[in-house]
Amino acid sequence: QEQLVESGGGLVQPGMSLRLSCTAPGTIFSTNGMGWYRQAPGKERELVAAVTSGGRADYVGSVKGRFTIYRDNAKNTVYLQMDRLKHEDTAVYYCNTAPWLSNLWGQGTQVTVSS
């Protein structure tokens with residue numbers, strides 16, 4: 001069973017930046033939109049940002065102007081650049097296709113924003 005592996009999370013102070021990375025098998029990456037999702041404690045998993053196979057990006061309102069999703073098709077990798085992080089961005093972040101495929105969920109990477 002294929003899973004996607006996320007990396008780049010960590011503990012940062014408010015206002016700081018992190019970049020998350022996720023590499024997918026080429027058979028999945030090349031033909032699908034890709035998304036970053038997050039799940040905070042006690043909350044449902046939500047789609048934060050998505051990028052189509054052609055590079056068009058879209059964001060949930062709470063991260064617009066602070067997060068940037070982009071993909072490197074040569075590396076089968078999708079990134080999430082997170083700037084001006086806030087306490088409320090604290091969550092486990094996952095990548096998956098967009099729309100997601102249930103068999104691809106990985107372990108996620110923890111992002112904690114704390115002063």
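Because only heavy atoms are used, hydrogens play no part in the values below, and waters and symmetry mates are left out as well, while side chains stay in.
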Only pairs under 3.5 Å count here: list side-chain donor-acceptor contacts from residues 47-59, not counting sequence neighbours, and write none if there are none.
| unit_1 | atom_1 | unit_2 | atom_2 | d |
| --- | --- | --- | --- | --- |
| T52 | OG1 | G54 | N | 3.3 |
| T52 | OG1 | G55 | N | 3.3 |
| T52 | OG1 | R56 | N | 3.0 |
| Y59 | OH | I69 | N | 3.0 |

Does the side-chain hydrogen bond (donor to acceptor under 3.5 Å, both in side chains) test come out yes or no for S21 and T77, once each step is laid out? CA-CA 7 Å; S21 301; T77 299; over 6 Å; no

Can you tell me which residue pairs pass the side chain to side chain donor-acceptor pair (under 3.5 Å) test with a partner in residues 6-15, sequence neighbours excluded? none

Determine whether the side chains of R45 and Y37 contain a donor N or O and an acceptor N or O closer than 3.5 Å. no

Among pairs that include at least one residue of residues 30-60, which meet disulfide (SG to SG under 2.5 Å), considering only residues two or more places apart or in two chains? none

Which distance, rounded to the nearest 0.5 Å, do you find between the NZ of K43 and the CZ of R38? 8.0 Å

Among all residues two or more places apart in sequence or in another chain, which pass the side-chain contact (heavy atoms from CB on, under 4.5 Å) test with T31? none

Linking directly or through intermediates, with side-chain heavy atoms under 4.5 Å: list the remaining ILVMFWY members grouped with Y70, chain and number order. Y79

Measure the CH2-CG distance between W100 and L4 for me, rounded to the nearest 0.5 Å. 13.5 Å

With sequence neighbours left out, which residue pairs that include part of residues 50-101 fulfil the disulfide (SG to SG under 2.5 Å) condition? C22-C95

In Å, rounded to the nearest 0.5 Å, how long is the span from OG1 of T23 to NZ of K75? 9.0 Å

Point-to-point distance, once rounded to the nearest 0.5 Å, from CG of N103 to CD1 of I28: 7.0 Å

Is V60 close to F67 at the side-chain level, that is, under 4.5 Å between some pair of heavy atoms? no

Assess, by modelled atom type and distance only, whether the side chains of D83 and S17 contain a donor and an acceptor separated by less than 3.5 Å. yes

Examine distances only and state if a side-chain atom of R71 and a backbone atom of F29 form a donor-acceptor pair shorter than 3.5 Å. yes

Heavy-atom donor-acceptor pair, T90 side chain to V113 backbone, under 3.5 Å: yes

